[in-house]
Engineer: 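The structure under discussion is supplied below as structure tokens; questions concerning it will follow.
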Amino acid sequence: MEEILLQTYTIVLPVLLGYIVWILKRQVKERGANSRGTMLLLRVQMIEYHDKYMKLGYIPSYAYQNYCEMYEAYHDLGGNGMITKMYEEVQELHLRKENQNV
């Protein structure tokens, strides 16, 4: 009886561990794809904000706060490069309160 259990154990354990490793690898891959997709969406939105408010020459305070939060999330996901330059340019814009007129 012990021999049967030992044989079963030596067969089932590697299969079970292999399955667990496969699941973990798949989850890591999916998480990476989700992070990459989120980063790309943030980049598109930040580029749109940058272009819009650079043309205006100012940025409303609510939009500035959103931009800073998007940049922080983008940076936390590993993004950098041209978005950092754009972020620095947006920081130089005149900041307007939401109800401030031109």
Side-chain angles (χ1 to χ4, degrees):
M1 182 67 169
E2 286 182 30
E3 189 175 314
I4 293 173
L5 287 175
L6 186 58
Q7 288 176 352
T8 303
Y9 178 76
T10 57
I11 292 171
V12 171
L13 186 61
V15 171
L16 182 61
L17 290 175
Y19 179 69
I20 291 170
V21 167
W22 176 79
I23 288 174
L24 292 174
K25 283 183 179 181
R26 192 178 80 191
Q27 287 178 346
V28 166
K29 184 178 179 181
E30 288 173 0
R31 235 182 259 132
N34 285 335
S35 293
R36 178 91 172 126
T38 300
M39 191 170 69
L40 292 171
L41 290 171
L42 284 167
R43 182 176 10 192
V44 167
Q45 186 65 53
M46 291 175 70
I47 291 169
E48 288 178 7
Y49 266 50
H50 174 270
D51 292 349
K52 176 181 179 177
Y53 295 116
M54 291 305 290
K55 285 179 187 174
L56 289 175
Y58 68 90
I59 186 168
S61 57
Y62 69 89
Y64 180 75
Q65 182 178 359
N66 287 343
Y67 196 87
C68 290
E69 290 176 7
M70 285 188 290
Y71 177 77
E72 186 176 321
Y74 179 81
H75 189 71
D76 288 347
L77 288 168
N80 53 28
M82 72 173 193
I83 295 298
T84 298
K85 176 71 172 141
M86 290 179 163
Y87 174 73
E88 292 167 356
E89 290 174 358
V90 167
Q91 285 183 313
E92 297 295 320
L93 287 174
H94 177 70
L95 187 62
R96 288 207 176 158
K97 294 187 179 178
E98 296 172 34
N99 58 0
Q100 188 175 351
N101 292 329
V102 177

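Sequence positions, counted from 1, serve as the residue numbers for this chain.
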Engineer: So, do Gln65 and Glu69 sit near enough that their side-chain heavy atoms are less than 4.5 Å apart?
Structural biologist: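 In contact.
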
Engineer: About how many Å separate CD of Glu89 and CD1 of Ile59, when rounded to the nearest 0.5 Å?
Structural biologist: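 Ile59 CD1 to Glu89 CD: 12.0 Å, rounded to 0.5 Å.
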
Engineer: Does Glu30, at its CD atom, have more than 12 non-hydrogen atoms belonging to other residues, nucleotides or ligands within less than 6.0 Å?
Structural biologist: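 For Glu30, atom CD is crowded (more than 12 foreign heavy atoms under 6.0 Å).
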
Engineer: Is the ring pair Tyr74/Tyr71 parallel, tilted or perpendicular, if the boundaries are 30 and 60 degrees?
Structural biologist: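 Rings of Tyr74 and Tyr71: tilted, as their planes differ by 30° to 60°.
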
Engineer: Using a 4.5 Å cut-off on heavy atoms from C-beta on, say whether the side chain of Leu24 contacts that of Ile20.
Structural biologist: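 Contact flag for Ile20/Leu24 side chains = yes.
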
Engineer: Could you check whether Gln91 and Tyr87, counting side-chain N and O atoms only, form a donor-acceptor pair closer than 3.5 Å?
Structural biologist: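 The criterion, which ignores hydrogens and geometry beyond distance, is satisfied for Gln91 and Tyr87.
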
Engineer: Is there a path from Leu77 to Leu41 through hydrophobic residues (I, L, V, M, F, W, Y) whose side chains come within less than 4.5 Å of each other?
Structural biologist: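 Leu77 does not cluster with Leu41.
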
Engineer: I need the Met70 CE to Tyr67 OH distance, nearest 0.5 Å.
Structural biologist: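 If we round to the nearest 0.5 Å, Met70:CE and Tyr67:OH are 7.0 Å apart.
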
Engineer: Is there a side-chain contact (heavy atoms from CB on, under 4.5 Å) between Met86 and Met46? Walk through the geometry before answering.
Structural biologist: CA-CA 8 Å; Met86 290 179 163; Met46 291 175 70; over 6 Å; no

Engineer: Does the side chain of Arg43 come within less than 4.5 Å of Met82's, by heavy atoms?
Structural biologist: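 Met82 reaches Arg43 side chain to side chain.
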
Engineer: Decide yes or no for His75 and Glu72: does some side-chain heavy atom of the first lie under 4.5 Å from some side-chain heavy atom of the second?
Structural biologist: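 Counting from C-beta outward, His75 and Glu72 never come under 4.5 Å.
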
Engineer: Going hydrophobic residue to hydrophobic residue with side-chain gaps under 4.5 angstrom, can you get from Tyr49 over to Tyr58?
Structural biologist: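 Same hydrophobic cluster.
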
Engineer: Heavy atoms, side chains only, cut-off 4.5 Å: are Arg96 and Tyr53 in contact?
Structural biologist: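 They are not in side-chain contact.
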
Engineer: Starting at CG of Leu42, measure out to CD1 of Ile47 and round the result to the nearest 0.5 Å.
Structural biologist: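 Answer for the CG-CD1 pair, Leu42 versus Ile47, is 11.0 Å.
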
